[in-house]
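Below is one structure, written out as structure tokens, with a few remarks after it.
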Amino acid sequence: MKEYGLPELEGAEKGKVVMRFAPNPNGPATMGSARGIVVNSEYVKMYDGKFVLRFDDTDPRTKKPMLEAYDWYIEDCEWLDAKPHEIIYASKRIPIYYKYVEKLLEMEKAYPCFCSREEFRRYRSEGVECPHRNTSSEDALDVWQKMLDGAYKEGEVVIRIKTDMKHKDPAIRDWVAFRIIYESHPLVGDAYHVYPTLDFESAIEDHINGITHIIRGKDLIDSERRQRYIYEYLGWEYPITKHWGRVSIHEFGKLSTSTIKRAIEEGKFEGWDDPRLPTLRALRRRGFQPEAIRKFFISLGVGENDVSVSMKNLYAENRKIIDPIANRYFFVWDPVEIRIVGIGSELAKEVKLPLNPSKPEGFRVLKGDSEVYVSKDDFERFEEGEIVRLKEFCNIRLENKEKRTFSFAGWQLEGVKKGKNIIHWLPKSETIPCTVYGIERSYEGFAERNAVKDVGKVVQFERFAFCRLESFDGELKAGYTHP
RNA sequence: GCUCCGGUGGUGUAGCCCGGCCAAUCAUUCCGGCCUUUCGAGCCGGCGACCCGGGUUCAAAUCCCGGCCGGAGCACCA
């Protein structure tokens with residue numbers, strides 16, 4: 001069991017665990033969502049259980065769902081090797097929630113409340129019951145029917161669940177279960193105008209889906225205390241819960257779905273899959289492997305303290321997967337053209353380079369040339385008289401830095417200073433333009449033509465970084481994965 | 001302010017429930033070394049932590065109390 005990296009789940013029995021991931025599809029899945037997808041699905045795998053994806057989309061106004069996001073979530077779950085066994089759309093199941101609230105109204109465990117927010121806030125903070133609390137079940141059901149009939153305006157009345165107005169935690173006191181929202185819902189249109197709150201919808205769904213364990217962020221810790229009242233009234237058993245703290249990722253800072261949405265609208269990002277964004281779509285585009293993302297979140301565990309991690313941890317996981325399989329190519333960024341003088345046609349030979357040093361059988365070929373490109377970063381470091389080696393090709397000595405001329409200094413590797421004096425290069429006669437889109441900046445330069453056959457794959461541009469080759473139409477476009 | 005939760009190396013994490021085998025696990029970062037061809041990759045090694053103060057005990061990272069610090073909730077959002 002230890003190999004899974006997650007601690008044993010309390011009360012879990014093999015084959016009987018049912019867990020869910022319940023996002024609001026008001027934008028695509030982000031790194032934050034990924035934790036929920038990964039941890040829940042991982043436990044389901046461990047115990048051979050069932051994984052439910054549930055869309056908590058019952059507020060068409062404040063958290064207006066985004067129509068495309070529903071399918072994006074499903075795609076992202078599948079990509080993360082967490083294909084849901086069942087998918088539930090809360091907005092399509094609203095009549096079910098009506099049935100249950102009607103039952104609670106009959107039982108006088110819920111009541112229609114006409115207090116304004118401000119009025120009720122005062123009752124709540126003072127621990128006093130509001131005048132509507134003792135409405136009879138007949139009157140309550142009558143009001144409820146009129147709510148459904150559209151007899152009330154938005155904000156005029158809500159349905160509250162009776163808890164305890166003297167509960168020591170004010171957050172638990174008589175909470176709202178249904179409110180009126182006259183706004184078209186992207187999925188169900190104008191079919192309803194009385195919507196359940198998350199707490200009500202979630203409480204009902206968790207029970208009817210037979211959810212055994214809930215693991216979610218600690219921002220929802222009070223939900224359990226609120227929902228337990230319903231479970232008690234209806235004689236249900238509450239799932240076992242676990243909560244994790246906030247995750248913040250150094251490289252991305254605080255990016256909520258709504259702030260990203262605004263930034264996209266303002267044109268600061270290309271779209272939801274802009275490589276600078278912490279969305280799963282963006283990470284996929286950049287070439288991250290789903291297994292690396294799983295391991296990353298499993299390594300965070302399920303502790304309740306807040307964590308602040310660096311993407312470097314994800315890079316390390318990704319590298320372990322990608323390094324043995326990614327083909328190597330040369331990419332010369334900020335290219336500088338240099339000339340090797342004093343020797344002619346002998347340079348025009350085939351240069352064989354390994355595609356991946358761990359797999360000696362594969363190789364690629366470059367044409368030797370007296371006019372080559374090297375990266376500006378490398379060139380500027382050299383001093384006149386210094387010998388450098390063009391990797392796998394030949395040694396050259398810098399003669400005149402201003403004129404960028406070098407002299408031939410032998411073929412042999414022996415005697416060459418290792419390390420930074422072995423550089424990558426490209427023959428001027430055989431290059432394709434290439435742009436790599438990075439998080440902080442883009443890199444322009446030339447790549448070797450051989451790379452074109454790996455479009456769609458993750459490669460390593462030697463001495464640069466791992467990149468995912470995105471497209472080629474005369475120019476190669478690539479996304480910067482990580483060093 | 002009220003309610004609840006948490007504090008293990010630079011960053012995460014294991015251990016804490018059931019005190020001793022913990023001079024504390026693993027990963028990553030950082031540093032150093034190695035590699036006849038990536039010193040921006042790979043391999044090997046190293047530095048580095050139980051928030052503070054009391055208490056209980058033969059024995060405390062582990063239990064108790066107080067303090068300090070951090071976080072969450074107190075929405076007709078999820």
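Sequence lines set the chain letters: A, B, ... in the order given, protein chains first and strands last, and positions in each chain run from 1.
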Q. Looking across every strand, which nucleic acid part, if any, lies under 4.0 Å from A:Glu304 by heavy atom: base, sugar-phosphate, or nothing?
A. sugar-phosphate
Q. So what does A:Ser202 touch, heavy atoms closer than 4.0 Å: a base, only the sugar-phosphate, or nothing?
A. nothing
Q | Separation of B:rC35 P from A:Leu413 CG (nearest whole Å) | A | 13 Å
Q. With both distances under 3.5 Å as the test, what is the Watson-Crick or G-U wobble partner of B:rC69?
A. B:rG6
Q: Measure distances between side-chain N and O atoms of A:Gln460 and base N and O atoms of B:rU38, and say whether any donor-acceptor pair falls under 3.5 Å.
A: yes
Q: Please work out if A:Trp244 contacts a base, only the sugar-phosphate, or nothing of the nucleic acid, heavy-atom cut-off 4.0 Å.
A: nothing
Q) Could you state the CD-P distance from A:Glu317 to B:rU29, rounded to the nearest angstrom? A) 10 Å
Q: Please say whether more than 12 non-hydrogen atoms of neighbouring residues, nucleotides or ligands are located less than 6.0 Å from NZ in A:Lys168.
A: no
Q: Please determine if a side-chain N or O atom of A:Lys320 lies less than 4.0 Å away from the OP1 or OP2 oxygen of B:rA27.
A: no
Q: For nucleotides B:rA23 and B:rC30, find the distance between their P atoms and express it as a whole number of Å.
A: 31 Å
Q. Using a cut-off of 4.0 Å on non-hydrogen atoms, how would the nucleic acid contact of A:Arg61 be classed: base, sugar-phosphate, or nothing?
A. nothing
Q) Once each nucleotide of nucleotides 69-78 of chain B is scored for protein heavy atoms under 4.0 Å, what B/S/- sequence comes out, 5' to 3'? A) --SSBSSBBB
Q | Complementary nucleotide for B:rC22 - Watson-Crick or wobble, under 3.5 Å | A | none
Q: Would you please test A:Glu205 and A:Tyr97 for side-chain hydrogen bond (donor to acceptor under 3.5 Å, both in side chains) and show each step?
A: CA-CA 9 Å; A:Glu205 286 292 359; A:Tyr97 315 135; 2.4 Å; yes
Q | Heavy-atom neighbours of A:Lys261 NZ exceed 12 at 6.0 Å | A | yes
Q: Taking only the side-chain nitrogens and oxygens of A:Lys168, find out if one of them lies under 4.0 Å from OP1 or OP2 of B:rC2.
A: no
Q: With C1' as the reference atom in both, quote the distance from B:rU56 to B:rG9 in angstrom, rounded to an integer.
A: 29 Å
Q) Considering the options A:Phe330, A:Phe379, A:Phe382, which one meets the side-chain contact (heavy atoms from CB on, under 4.5 Å) requirement together with A:Ile423? A) A:Phe382
(Q) Holding to salt bridge (Lys or Arg N to Asp or Glu O under 4.0 Å), I want the full list of residues that pass it with A:Lys457, two or more places apart in sequence or in another chain. (A) A:Asp454
Q. When the distance from CD of A:Glu448 to C1' of B:rU38 is rounded to whole Å, what number comes out?
A. 13 Å
Q: Tell me the partner of B:rC63, counting only Watson-Crick (N1-N3 plus N6-O4 or O6-N4) or G-U wobble (N1-O2 and O6-N3) with both under 3.5 Å; none if nothing fits.
A: B:rG55
Q: Name the nucleic acid region contacted by A:Ala465, choosing base, sugar-phosphate or nothing; use a 4.0 angstrom heavy-atom cut-off, strictly under.
A: nothing
Q: Please name the residue in the list A:Lys367, A:Arg364, A:His424 that meets the side-chain hydrogen bond (donor to acceptor under 3.5 Å, both in side chains) test with A:Glu448.
A: A:Arg364
Q: Kindly point out which of B:rU11, B:rG6, B:rU28 is positioned nearest to the side chain of A:Asn305?
A: B:rG6
Q.
Within the 3.5 Å criterion, strictly below it, is a donor on A:Thr58 or A:Glu201 matched to an acceptor on the partner's side chain?
A. no
